[in-house]
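Everything on this sheet refers to the single structure shown next.
Letters go in sequence order (proteins before strands), and every chain restarts at 1. It should be emphasised that the depicted structure is a prediction, and the values quoted were computed from it without experimental measurement.
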Amino acid sequence: MVSAAAAAATAAAARLRFHHPRCVAMLQACGSMVELLQLQAQMLRNGLFFDDPFAAGKMLEFCVRGVGNLHYAWKLFEQMTTRDTFAWNTLIQGHAASPSPGPALRLFARMAGGAARPNSYTYTFVLKACASLRATEEGEQVHGSMTKLGVDLEVFPANALISMYSACGRIELGRRMFDTCAAKDVVTWNAMVSGYLSCGFLDCARKLFEEMPEKGIVSWNAMINGYTAGGDIAAARDLFDLMHQRDTETWNTMIAGYAKCGRLDAARELFERMPTRNVVSWSTMISACAQGGRPREALVLFEQMQGQAVRPNWAAVVSLLSACGCLGALDQGRRIHWHVESNKMRVDSILGTALIDMYAKCGCIDGAAEVFSSLPCKDVFSWTAMIGGLAVNGHGERALELFRRMLADGVRPNAVTFVGVLCACSHLGRVALARRYFDSMSAVHGIKPQAEHYGCLVDALGRAGRLAEAATLVEAAPAAAAGRVLWATLLGACWIHGDVETGEAAADRLTELDHDDGGAYVLLSNIYAAKGRWDDARRLRADMRSRGLHKCPGRSSIEVSGATHEFYAGDRSHPRAEEIERMLEEMGSRLKLLGYAPNTSPVLFDIDEEEKEEAVSRHSERLAIAFGLLANPKGSPIRVVKNLRVCGDCHTVAKLVSSAFARDIILRDRNIFHHFRDGSCSCKDYW
DNA sequence: GTAGGGTTAG
């Protein structure tokens with residue numbers, strides 16, 4: 001006679017046999033959160049979710065590893081009646097691999113009170129969490145319980161221990177582990193070599209590398225990366241050349257190494273030679289160009305990458321945004337932002353900051369502010385990008401307000417934050433406040449002022465016309481901060497105020513520091529010319545010519561429907577040069593009606609062919625504005641980026657054009673933004 | 001049924 005309970009159990013087992021394989025198969029075919037929810041509903045209805053820990057565990061696994069939804073994984077986990085070790089492991093690993101692994105440790109602690117026992121999988125996951133949290137103490141406790149269980153000498157957990165200790169900077173404990181464990185495999189060796197490398201012990205790493213019984217590609221890659229991080233690119237390349245087999249990461253590592261030490265051409269050469277490129281290869285090369293001052297090349301690479309159907313990932317997007325920022329390529333930047341949103345990419349503080357920076361550098365402060373306010377977690381970098389963005393875009397008050405909010409939020413400012421703060425003070429003409437913030441840097445925040453900070457202060461004094469004080473400040477700057485940037489800032493202020501005497505002194509010092517600074521000669525000669533001292537101006541130009549010096553050529557770019565157009569001073573190479581010419585004439589006649597007379601003082605003397613090109617009426621920014629007027633839709637803003645400071649006459653012209661043509665002009669020069677509207681500029685005529 | 005070591009990223 002069969003008992004009722006036994007009959008029920010048999011029936012349940014039969015149901016399981018029927019459902020279980022089907023359920024697992026369906027989970028394997030499951031592709032989205034929606035399908036997951038449907039499947040769970042079905043499993044709840046037929047009782048499988050509660051009766052079958054295996055099926056429930058599979059579901060949890062899919063939720064964590066398949067769709068990466070930790071939030072819902074918790075819900076599933078809490079609903080499960082039987083949580084086996086697998087279920088705990090899955091949730092722990094999900095957190096260990098996430099950007100905030102804290103809950104992994106708490107889950108592990110909670111696990112100790114329950115029925116499921118940790119196994120060697122559990123320990124590798126928990127140790128991973130300790131490693132990324134740099135939680136040495138917790139790591140050691142975990143090690144202790146592993147020893148009790150006897151799993152600490154198994155190869156997987158032992159490797160995890162070595163990695164954990166070296167991530168926590170306790171390389172000696174890692175080495176002790178390495179020496180203790182008998183079951184070593186190639187990963188054990190690699191973990192130890194990498195540990196030495198990340199702790200900066202290159203020689204120990206190399207010694208161990210040489211002793212390795214078998215070296216895998218990963219071992220070589222780790223060494224190459226260690227050398228590039230340590231700045232020894234030659235040693236890295238030697239290893240690279242010695243390798244019999246390389247994988248894509250080998251190439252990527254070497255390319256990144258060249259990029260890090262500024263050897264862009266070498267990086268590019270390897271990039272061209274490598275047999276297969278993955279998304280990291282592209283991102284590496286794109287970021288190398290973006291950071292190495294070749295942003296245009298970065299965007300071209302992006303196009304090629306898309307042509308090969310490689311989708312930009314998070315890192316590529318961050319680099320691309322930085323390239324767009326450099327170029328002031330707003331349309332491109334917006335498109336990438338759109339890509340981020342439509343692909344639901346994780347906008348963390350890094351990507352958020354990249355977006356803020358891109359918008360701010362494109363003069364689109366509303367876009368920057370929108371991203372900033374929507375950022376769930378803001379760190380010092382995001383605050384700094386926003387404060388600096390507001391400051392250079394002529395919103396000094398808002399920048400200072402934001403800085404106060406940042407301090408109130410308990411975020412500690414860094415040196416870059418103060419560049420933004422001081423810049424804001426300078427543009428507001430608040431010299432005393434600038435001084436106070438400057439003094440607070442070391443007194444309150446423990447940050448030593450650098451050249452940039454002195455520069456802002458010089459700028460503030462210069463704007464206020466207090467050039468003598470500014471000169472004293474430059475003289476008094478400590479050696480570490482003093483340098484050509486400071487003198488150049490002072491010279492710029494003298495140029496704006498037409499102060500010959502201080503300007504001469506500044507130019508003298510500047511050419512002492514850098515004999516080949518053509519820019520200093522030009523600036524000083526312009527100061528002379530503006531004062532009518534033609535002989536001095538001419539003498540300086542001749543001197544410059546005889547020494548073969550050139551001023552860095554003026555270059556302006558403008559984005560028209562996604563493509564950037566670049567203009568040099570006197571440039572006639574643009575395909576629409578004739579139309580541009582006509583537009584320049586049109587600008588001239590409309591401005592004349594407004595009473596404009598060109599100030600051509602910089603070019604009234606000693607004109608040779610080259611200088612004719614520099615005639616103010618053909619400055620690069622003016623060509624770009626003319627092109628913007630004819631190529632951009634009526635009423636839309638004209639956005640120009642110039643590599644040097646905007647010239648005074650072009651500044652006047654831009655102001656007048658903004659009213660005569662009813663167009664906003666946003667011109668980014670080397671220092672700040674000029675938002676021209678209705679005949680005036682956000683910089684209040686000082687820059 | 002689950003794992004580890006090496007590459008990009010403000």
Between atom [atom1] in [X] and atom [atom2] in [N], what is the gap in whole Å?
X	N	atom1	atom2	value
A:Asn252	B:dG5	CG	C1'	17 Å
A:Arg311	B:dT8	CZ	P	23 Å
A:Asn190	B:dT7	CG	P	11 Å
A:Asn278	B:dA9	CG	C1'	14 Å
A:Met274	B:dT8	CE	C1'	12 Å
A:Asp52	B:dG1	CG	P	14 Å
A:Leu351	B:dG10	CG	P	11 Å
A:Tyr123	B:dT2	OH	P	20 Å

Quick one: label [X] by what it contacts on the DNA or RNA (base, sugar-phosphate, nothing), any heavy atom closer than 4.0 Å.
X	result
A:Ala160	nothing
A:Ser281	nothing
A:Ser219	nothing
A:Val279	nothing
A:Val218	base
A:Ser349	base

Side chain of [X]: nearest nucleotide among [options]?
X	options	value
A:Ser163	B:dT2, B:dG5, B:dA9	B:dG5
A:Ala354	B:dG10, B:dT2, B:dG5	B:dG10
A:Val280	B:dG10, B:dT7, B:dT2	B:dT7
A:Pro157	B:dG10, B:dT8, B:dA3	B:dA3
A:Tyr121	B:dG5, B:dT2, B:dG10	B:dT2
A:Ile350	B:dT7, B:dG5, B:dG10	B:dG10

**OP:** Verify, without hydrogens or angle tests, whether A:Asn69 (side chain) and A:His71 (backbone) share a donor-acceptor contact under 3.5 angstrom.
**Re:**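 It does hold such a pair.
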Subject >> Check ion pair A:Arg294-A:Asp265 (N to O, under 4.0 angstrom) >> reply: yes
Original post:
Taking NZ, NE, NH1 and NH2 as the nitrogens, is one of them in A:Glu78 or A:Arg110 under 4.0 Å from a carboxylate oxygen of the other?
Top reply: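 Yes, charged N to carboxylate O under 4.0 Å.
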**OP:** Check whether the aromatic ring of A:Phe156 stacks on the base of B:dA3, taking stacking as ring centres less than 5.5 Å apart and planes within 30° of each other.
**Re:**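 Yes.
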Original post:
For A:Phe125 and B:dA3, are the ring centres under 5.5 Å apart with planes inclined under 30°?
Top reply: no
Original post:
Crowded around A:Asp241 CG? As in, over 12 foreign heavy atoms under 6.0 Å?
Top reply: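 Yes, the 6.0 Å shell around CG holds more than 12 heavy atoms from other groups.
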Any chance the side chains of [X] and [Y] put a donor and an acceptor closer than 3.5 Å?
X	Y	answer
A:Tyr196	A:Arg175	yes
A:Asn252	A:Ser281	yes
A:Ser349	A:Asp379	yes

**OP:** Report the residues that fulfil ring-ring contact (aromatic ring centres under 6.0 Å, His included) with A:His445, sequence neighbours left out, ordered by chain and then residue number.
**Re:**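 ring-ring contact (aromatic ring centres under 6.0 Å, His included) list for A:His445, sorted by chain: A:Phe418.
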Original post:
Can you tell me if the side-chain N/O atoms of A:Lys260 get under 4.0 Å from OP1 or OP2 in B:dT8?
Top reply: yes
**OP:** State whether A:Gln291 places a side-chain N or O below 4.0 Å from either non-bridging phosphate oxygen (OP1 or OP2) of B:dT8.
**Re:** no
Subject >> Base B:dT2 paired with A:Asn119 side chain (donor-acceptor, <3.5 Å) >> reply: yes
**OP:** Would you kindly check whether a donor in the side chain of A:Thr284 faces an acceptor in the base of B:dT8, or vice versa, at under 3.5 angstrom?
**Re:**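 Side chain to base: no pair present.
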Quiz: residues 181-189 of chain A side-chain donor-acceptor pairs under 3.5 angstrom, not counting sequence neighbours:
{"from": "A:Lys184", "atom 1": "NZ", "to": "A:Phe178", "atom 2": "O", "distance (Å)": "3.0"}
{"from": "A:Lys184", "atom 1": "NZ", "to": "A:Cys181", "atom 2": "O", "distance (Å)": "3.1"}
{"from": "A:Asp185", "atom 1": "OD1", "to": "A:Asn159", "atom 2": "ND2", "distance (Å)": "3.4"}
{"from": "A:Asp185", "atom 1": "OD1", "to": "A:Val187", "atom 2": "N", "distance (Å)": "3.0"}
{"from": "A:Asp185", "atom 1": "OD1", "to": "A:Thr188", "atom 2": "N", "distance (Å)": "3.0"}
{"from": "A:Asp185", "atom 1": "OD1", "to": "A:Thr188", "atom 2": "OG1", "distance (Å)": "2.9"}
{"from": "A:Thr188", "atom 1": "OG1", "to": "A:Asn159", "atom 2": "OD1", "distance (Å)": "2.8"}
{"from": "A:Thr188", "atom 1": "OG1", "to": "A:Asp185", "atom 2": "N", "distance (Å)": "2.9"}
{"from": "A:Thr188", "atom 1": "OG1", "to": "A:Asp185", "atom 2": "O", "distance (Å)": "3.2"}

**OP:** Check DNA chain B against residues 81-98 of chain A and give the residues with a non-hydrogen atom under 4.0 Å, in numerical order.
**Re:** A:Asp84, A:Phe86, A:Asn89
